[in-house]
Amino acid sequence: MRDDILWELQADKVKDYLRRSQRLDGRALTDYRPFTLQLDFSKNAHGSCRVQLGKTDVIVGVKMDVAEPYPDTPDEGSITVGAEFTPLASPVFEPGPPDQNATELARVVDRCIRESKALDFKKLVIEEGSKVWFVFIDIYVANDCGNLFDASSLGALGALLNTKVPKLEDGKVVKGEYAGRLEVSKMPLLTTFAKIENSIVLDPALDEEKAMDARLSIGTTEERLISAMQKGLGGSFKQAEIEQCIDIAFEKSEELRDGLRKALKG
Amino acid sequence: MRDDILWELQADKVKDYLRRSQRLDGRALTDYRPFTLQLDFSKNAHGSCRVQLGKTDVIVGVKMDVAEPYPDTPDEGSITVGAEFTPLASPVFEPGPPDQNATELARVVDRCIRESKALDFKKLVIEEGSKVWFVFIDIYVANDCGNLFDASSLGALGALLNTKVPKLEDGKVVKGEYAGRLEVSKMPLLTTFAKIENSIVLDPALDEEKAMDARLSIGTTEERLISAMQKGLGGSFKQAEIEQCIDIAFEKSEELRDGLRKALKG
Amino acid sequence: MRDDILWELQADKVKDYLRRSQRLDGRALTDYRPFTLQLDFSKNAHGSCRVQLGKTDVIVGVKMDVAEPYPDTPDEGSITVGAEFTPLASPVFEPGPPDQNATELARVVDRCIRESKALDFKKLVIEEGSKVWFVFIDIYVANDCGNLFDASSLGALGALLNTKVPKLEDGKVVKGEYAGRLEVSKMPLLTTFAKIENSIVLDPALDEEKAMDARLSIGTTEERLISAMQKGLGGSFKQAEIEQCIDIAFEKSEELRDGLRKALKG
Amino acid sequence: MADEEYRRVDGRKVDELRPIKIIPSVLSRAEGSAYIEWGQNKALAAVFGPREALPQHIQNPTKALVNYVYRMATFSVPDRKSPKPGRREIEISKVSGEALEKAIFVERFPNTTIDIYVHIFDSNAGTRCAALTAASVALADAGIPMRDLVAACAVGRANGKIILDPCKDEEDASDAVDMPLAIMPRTKEVVLLQMDGLISKEDWKKAFEFGLKGCLEVYEIQKRALKHRYEALARTEQKAIKAVDKQLMDAAESLER
Amino acid sequence: MADEEYRRVDGRKVDELRPIKIIPSVLSRAEGSAYIEWGQNKALAAVFGPREALPQHIQNPTKALVNYVYRMATFSVPDRKSPKPGRREIEISKVSGEALEKAIFVERFPNTTIDIYVHIFDSNAGTRCAALTAASVALADAGIPMRDLVAACAVGRANGKIILDPCKDEEDASDAVDMPLAIMPRTKEVVLLQMDGLISKEDWKKAFEFGLKGCLEVYEIQKRALKHRYEALARTEQKAIKAVDKQLMDAAESLER
Amino acid sequence: MADEEYRRVDGRKVDELRPIKIIPSVLSRAEGSAYIEWGQNKALAAVFGPREALPQHIQNPTKALVNYVYRMATFSVPDRKSPKPGRREIEISKVSGEALEKAIFVERFPNTTIDIYVHIFDSNAGTRCAALTAASVALADAGIPMRDLVAACAVGRANGKIILDPCKDEEDASDAVDMPLAIMPRTKEVVLLQMDGLISKEDWKKAFEFGLKGCLEVYEIQKRALKHRYEALARTEQKAIKAVDKQLMDAAESLER
């Protein structure tokens, strides 16, 4: 309750600043907060990555498992993205199955990766029609200080780039042995904007999220292609605003990609 | 709340009228409300039927699917009836899994059809012991103005009579191709009565349901056989009343069957 | 509500008595309440046992079923213990899935049996890697007057000792026919203590449970080996207390075993 | 063969019930309870209430809610049942609770719930009737004011014969009809009626009359069980009174001395 | 081939909508409702509220909650869908409710919820747009004050062509792009925007402009449907007024006599 | 071989812990938090409260509820775990919360709940002890008044040796015994004790004493982690004080001018 009032005051301050084109934390409107990446965070995962974007903290792990293909795509494996807003991450999250916010997050991260064709699902076939790889990407939000979309998408891509394919013997996974890296041919990432009154800011921090009317996430690849879009919340965007966001997304997502490339080199 | 009081007043009026053997909508005690049938409502269903009985609106669809038989009947397919009281249908229905009212409705419609032997479960075998047809009959209540039992049973029978059997190739369903009509050898239907004080009325409208003490549904076939019975609610019936209801059910269900026959002819 | 106050008064009385090393029902601190065993309570179960320990009433049934082994133990069957605190058993139990108390009970009974190696899981293999016996042990609490742990563990062991192995034909269970008794090589049982202020009592009755600060259950076998331990609730135990409880458990569990042996003889 | 001579798979006559044993007051923590054995069927029933219905919005200001929960133990049937309640259990719970509503003076306890729980631990056809019969005794044991007991019994058809209280083998006959029935015996009002099978009106009528007869027999067994219980209670009370008398006399005596 | 001459799998032009039929006021128990047919898609939408939001702790003291529930019938898709709501349905419900929020004067109804339910009974791509379009009409039918209707339409790409309102076959193309879009037509503000597929900015822009055009066409159909409804209502009223007039005249006449 | 010379599968002595690293205050939105690495185990713990326990009927007017939730990430184990909490997680949550209750001055915060959440992100035996150890530090970090920290450590047997802090390979030995243990170190009171395996009383005693020793070592690591944190905080405060001082001096200076 009291918390709500504090956030409201903070949101008012965010708006005041933005009317002067300033952000409370001093960033330019299209700046990302500083971020760090920790690849291979979990040894039991086949791939994993912890992302800290400002104070937002997200841990993503990948497990590959053998399963039957979907009946309508017998010659394809697939990915499955899950997201859990753990109760560690915020005083308002509660333990329990994913709510609609977590479901939306997981599905948008899924589309950003899936539609970019960074993973060739046909290469995930082990035995056509009966055995394929399923790539489970599970996102755990450990601290929510805003912009879970970009942090999760970055973590998911990091975890995939870090993924080793388990070794198979007689169609069964041999524990702890690997047959090489998962092939990830592109670097699709989400870039998220908040619309606050008439301003648009990139990578909204938590107080900016409390002030925002609408949210726009754009999935892009390094080839300057769009792989996903998602508008959220009760506000609206104009066509010109969206077009501008697309350009910024192409540009600013490269900073995340560079960070990732650096982390991969060690 | 206020709604409850209005219904109570309406229920009192229903009782007043019935003490003079009259119904609020002018029907005789054993009249059905006018009804319409729309067969093949959904192209993606293998069979479907929309029923409007008075203002009650129910949509039923059938899907046939290949599955393993139950272990104790390896030489039989089966039917599965589900019912959903969608929140569109009434200000008091809420989204969520079926409650006990929806469960009762589904199970009584199931028994009415199953026990009549209108479907020969042995003919639903594809490969004895390993592959049989399951006939999924799903009832969606879109508007509840009373007597969901008869509307649903009529919709279910309509949908079954409208059902095409999917074509099989190597034991798998070929989408969009069919191998003929589902064989339905009888026309089992529920006829439902409401006991209101000392009166019994057929096909209770919503205001009559608000006034009723007990409900009796009788499943009959065109051969004047009973295939199901279900008494509901906190009131009671006398033997003589039940016997009278059986006779009326034999007679009045023929009106529904005639409507169905007409609809089938086009 | 009023109930709570009554229990609090009763708990105070329990403490008063214990300060004088006395129990409200006159038992010595390390006495079990009288108990009765009814083997073969349910004919449809493969093994079953009803235990009445004081007024506590627990019914346990066993069903054996054929299933695939766990992937990491292809040459072993297994047991699965479930517990349901039925709403019959107490004014405070509600219908629904097992809560954390029922989960704890089931898991501690499971460990007591499993770890004693009373059942040789390797002998539960039907066909290595593909077919093994799963032994389902389901505990129903019908009346809760304290110490559900020992009553359930006694009921579970009784039911196992009473279990007939279903006959198999072509890898499938033949209903109602049996191929002999389940081999149970040891008699593991839980013995439970309540710590109330500075006293420790064996087999706490309900009023003693209302007064207890901590609970300690010790699984033992007739060879004076420990197969399980579980401390519960917000209080604590000292090392010396635990050691003393172990000795008492070795000794007093023999009384339950004797009762069981007698019941088995008829 | 004539009905009088016909013997069923378990040796019973067409209109013969299986043996029924009812013991009230078996569960100390419930306000009323009963144990029933009906052939192979074994069930425990417990009653709690009238107690405040919660959450508040379910309360009915004109009467008590009758909340009936029927459940089967996983091991009570030939194939292990899932521990989750199935649709069959939900439907039986609904119609059984409704069957008891007319018998209970629900209007005396507004805003409350009367919770009735029945668990089946062994089964062989007819469990819903056994459960309802036991629940009715448990309600009486709980001292809940009732217009009448509710007595239940199934009736059906197998192998061309109308039969009372079918067992599982009979329920599986190719021409099987199964009709669970419950009445308030004094007025013969029908409070529970379900049926599956395919039957003519004539056969139905015969079956129904068998059923009524069965319910009346069950009613006698219920009353006997409750009578035994009251007598036992009375005996206990008598003893208690005598004990108190003796104490008083002893006290008087000691005073005289 | 030039866009003008190109004909799609179902014979449509690149910028042609499927036939759309909207009927408001079809469900008597809802406060507002609409039926929509959009190609093969069939949906019913119902609106309840503004009504008190419960439980209380979800109430917002500054505005009405917009609770949108999108569901598909099990038989509405080629393979039977599970009756449980899937993650897709949950996501669509969320973004669709958010899309309507800006159009509704939510600030006028603090502490309430406006419940919007849409069920899909047959489908062939574009159901979320059909649902949202119908829901918007149902809101108007319920008399809920709105800044504007919300008109929705998908746009996409298949076989190298930017196309309006893709059908399922087109959605399955190897180069498929799908972009559901909804706007408030008067201001062209975008209230719903999703996209999957892989597309350049240039193509995206072309697609977006097709989409805007589609939404405006849908808007005309919505307005026409509501106009028909109001005219019908007016006619009914007119008749009622005439009937009353006649009664009055008859009464006057009889008084004169 | 003598215990002193024996080396375990990972090179440790029989009574040697794996390396443990604890960092308090790692999650900004929690009121207290801690990160722990314990061998391969990695966990985050967060504490919220004391805050009003809801719904009200769960409130205890004499003390705070200790609500402990232990969960494992799907990828934290060799085979992918279902995202749904399993029975193991539920049991561990229960006994771990109970273990902390004695250490916290719960009686000072009636009607509240203290929520403790621990998530495991990588694992190799002993996660419940690592989680409890981290949770205890997170409680201290949240400033919740405690009688003592709770220090936890498992002890067990493998290949005939009593060993401290078993790793997964050791847990899988054919003679394996596993005994998670937690104490309040000042009084050596046992607040968590579980065991599986088959063991004589003599061996149990030896194991228990190993366990006590292990817990005391863990306690030192906990205290060191908290001390580091407090020192860092103090340094930050010092800097802040100096900065303020400087501002004041500057202000004074400017006034003088």
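Keep in mind that what you see is a predicted model, and the values were worked out from it rather than measured.
Neither the backbone nor the side chain of D/Arg71 has a heavy atom closer than 4.5 Å to any heavy atom of chain C. Residue contact with chain C, scored on non-hydrogen atoms closer than 4.5 Å, involves the backbone and the side chain of D/Thr74 alike. Looking at D/Phe121, both its backbone and its side chain come within 4.5 Å of chain C, counting heavy atoms on both sides. Using a 4.5 Å cut-off between heavy atoms, D/Ala45 touches chain C through its backbone atoms (N, CA, C, O) alone.
Counting only heavy atoms from C-beta outward, the side chains of C/Cys145 and D/Arg29 approach each other to under 4.5 Å. The side-chain heavy atoms of C/Asn44 and D/Pro78, taken from C-beta on, include a pair separated by under 4.5 Å. The side-chain heavy atoms of D/His119 and C/Pro87, taken from C-beta on, include a pair separated by under 4.5 Å.
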For this session: Starting from the C-alpha separation in whole Å, work towards a yes-or-no answer on side chain to side chain contact (heavy atoms under 4.5 Å, CB included) for D/Arg80 and C/Asp138.
Result: CA-CA 10 Å; D/Arg80 181 172 186 265; C/Asp138 286 306; 2.9 Å; yes
For this session: Determine, step by step, whether D/Ser33 and C/Leu88 satisfy the side chain to side chain contact (heavy atoms under 4.5 Å, CB included) criterion, reporting the C-alpha distance in whole Å, the side-chain angles of both residues, the deciding distance to 0.1 Å, and the verdict.
Result: CA-CA 9 Å; D/Ser33 61; C/Leu88 297 89; over 6 Å; no
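Contact between D/Met72 and C/Tyr140 at its shortest, heavy atoms only, is O-OH, 4.3 Å. Of all heavy-atom pairs between C/Phe41 and D/Lys42, the closest is O-NZ, 2.9 Å. Closest of all the heavy-atom pairs between D/Leu27 and C/Asp57 is CD2-OD2, 4.0 Å. Of all heavy-atom pairs between C/Pro95 and D/Val69, the closest is CG-CG2, 4.3 Å. Of all the heavy atoms in C/Ala142 and D/Leu44, the pair that sits closest is CB-CD1, 3.7 Å.
Under a cut-off of 6.0 angstrom, the local environment of CD in D/Gln56 is sparse, with at most 12 non-hydrogen atoms contributed by other residues, nucleotides or ligands. A 6.0 Å sphere centred on CD of C/Gln38 holds more than 12 heavy atoms belonging to other residues, nucleotides or ligands. Residue-environment remark: NZ (C/Lys164) exceeds the threshold of 12 foreign heavy atoms within 6.0 Å. When the shell of 6.0 Å around NZ of C/Lys55 is examined, it contains 12 or fewer heavy atoms from other residues, nucleotides or ligands.
Tested against D/Asp79 for a salt bridge (Lys or Arg N to Asp or Glu O under 4.0 Å), the candidates C/Lys63, C/Lys172, C/Lys175 yield a single pass: C/Lys175. Exactly one residue among C/Asp144, C/Thr56, C/Asn143 makes a side chain to side chain donor-acceptor pair (under 3.5 Å) with D/Ser28. That residue is C/Asn143.
For the options C/Ala45, C/Ser90, C/Gly47, C/Ser48, heavy-atom pairs under 4.5 Å to chain D are most numerous at C/Ser90.
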